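To keep things clear, I will list the structure first and then write my remarks on it.
Bear in mind the structure is a predicted one, so any value in this text is a computation, not a measurement. All values below were derived from every heavy atom in this structure, side-chain atoms included, with hydrogens, water molecules and symmetry-related copies excluded. In what follows, chains carry the letters A, B, and so on, assigned in the order in which the sequence lines appear, proteins first and then strands, with residues in each chain numbered from 1.
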2 protein chains.
Amino acid sequence: MKQTDELKQAGLKSTLPRIKILKLLETTRDRHLSAEDVYKVMLDNNEGIGLATIYRVLTQFEASGLVLRHHFAERSVFELADSDHHDHMVCVECGKIIEFHDDTIEKQQLSVAKQYKFQIQDHSLCLYGKCENCQ
Amino acid sequence: MKQTDELKQAGLKSTLPRIKILKLLETTRDRHLSAEDVYKVMLDNNEGIGLATIYRVLTQFEASGLVLRHHFAERSVFELADSDHHDHMVCVECGKIIEFHDDTIEKQQLSVAKQYKFQIQDHSLCLYGKCENCQ
DNA sequence: CTTCTTGCAAATCATTTGCAGGGCG
DNA sequence: CGCCCTGCAAATGATTTGCAAGAAG
């Protein structure tokens, strides 16, 4: 059971809710799910996992580095943390999320921070607008 | 009375709460206030303005373009919308906010969006870390 | 006066926490 | 079998809304 090992590696006991949530995240790499989203899927599948557990597990996943948390549209969304760093474009029409990475921007951020003697720990860059289909 | 005119120009009836909130924002251009922040100031000044009104007024200000809303640290903060566009660095220790503008980053964002045929309406770039004093 | 606005309290929303019962190692 | 984990319900914190009383034009 792959997820079991991933959880152990992350320092988390392997339990049914955690395995199922991790599995879901792995099958939805192209999306970014909110706790509520995860909850709905679990409901549909009659997994009997409570919303509080989803929040707890996702927070634990974040703490252990398994997932990343973003704050789009005043709501937390999560994605697996095993891909390279990237920023996001969010379509305000359909909610589609496009990931991108741009070295020029990344480097320039460091440069700007240095100018202000600011020690960057993290950053979030999010472009809002309309994706190709919604224009 | 200057604020009265600004409100009318924005299409809002000039009322005492609105004038006072607008005035406060104008005297705190260097900061970014949350609804709660505004409320506390009003309380200290015995203005007798309810928190709900603050929220309503700030939302109306945003809708009319008078102020900008940001979502730092899972909480909405507002700033007058009359200055040039800039991005933010937020100190995770003391909450200090540093504004900056970088043309290279701005241009690169447009370029990236074009690559994905994404029509940018807005963007938010926020660097999190420690400011000079908190390192 | 008539309508838009406000204050207060109650209602929501997303998220967190307390607690008693359950499941993993 | 002990301790960590879970479900459920109640608690929170931020923000919104309903409604009757109050200001603005």
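- A:Gln60 places its CD atom 6 Å from the P atom of D:dT6, with the value rounded to the nearest Å.
- Both B:Ile54 and B:Lys13 lie near DNA chain C, and the one whose nearest nucleotide falls closer to the 5' end is B:Lys13.
- In the set D:dG25, D:dT16, D:dA9, D:dT16 carries the atom at the smallest distance from any side-chain atom of B:Ala52.
- Put simply, CD1 on B:Ile19 is 11 Å from C1' on D:dA24, counting in whole angstrom units.
- For B:His85 and B:His123, the ring centers are positioned less than 6.0 Å apart.
- Heavy atoms of A:Arg56 sit under 4.0 angstrom from at least one base atom.
- The nearest whole Å value for the distance from the CG atom in B:Asp37 to the C1' atom in D:dT15 is 15 Å.
- For B:His70 and B:His88, the gap between ring centers is short of 6.0 Å.
- For A:Leu51, the listed nucleotide lying nearest its side chain is C:dT15; candidates were C:dT15, D:dT6, C:dC4.
- Nearest to the side-chain atoms of B:Thr53 among the listed nucleotides C:dA14, C:dT6, D:dT6 stands C:dT6.
- Annotation: the span from A:Leu80 atom CG to A:Thr27 atom OG1 amounts to 9.0 Å, rounded to 0.5 Å.
- Put simply, A:Tyr55 has a side-chain N or O that comes within less than 4.0 Å of OP1 or OP2 on C:dT15.
- The distance from atom NZ of A:Lys40 to atom C1' of C:dC13 is 12 Å, rounded to the nearest whole Å.
- Contact between the side-chain N/O atoms of B:Thr15 and the OP1/OP2 oxygens of C:dC4 is not found at any separation under 4.0 Å.
- Distance, B:Lys20 NZ to D:dA23 P: 12 Å, rounded to whole Å.
- Here the P atom of nucleotide C:dC13 and the CZ atom of A:Arg75 are 11 Å apart, to the nearest Å.
- If you measure from atom OH of B:Tyr39 to atom P of C:dT6, you get 15 Å, rounded to the nearest angstrom.
- Distances shorter than 4.0 Å separate some side-chain N or O of B:Arg18 from OP1 or OP2 on C:dT5.
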Q: Begin with the C-alpha distance, continue with both residues' side-chain angles, and end with the deciding distance and a verdict on salt bridge (charged side-chain N to carboxylate O under 4.0 Å, His left out) for A:Asp82 and A:Arg29.
A: CA-CA 10 Å; A:Asp82 57 358; A:Arg29 282 168 190 284; 3.0 Å; yes
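- What separates CG of B:Leu7 from P of C:dC4 is a distance of 17 Å, to the nearest Å.
- Across the interface with DNA chain D, nearest-nucleotide mapping of A:Val57 and B:Ala35 shows A:Val57 to be the residue nearer the 5′ end.
- For B:Ser34 and D:dA14, the shortest distance from a side-chain N or O to OP1 or OP2 is not below 4.0 Å.
- B:Glu36 has no carboxylate O lying under 4.0 Å from a charged side-chain N of B:Lys40, or vice versa, which leaves the two without a salt bridge.
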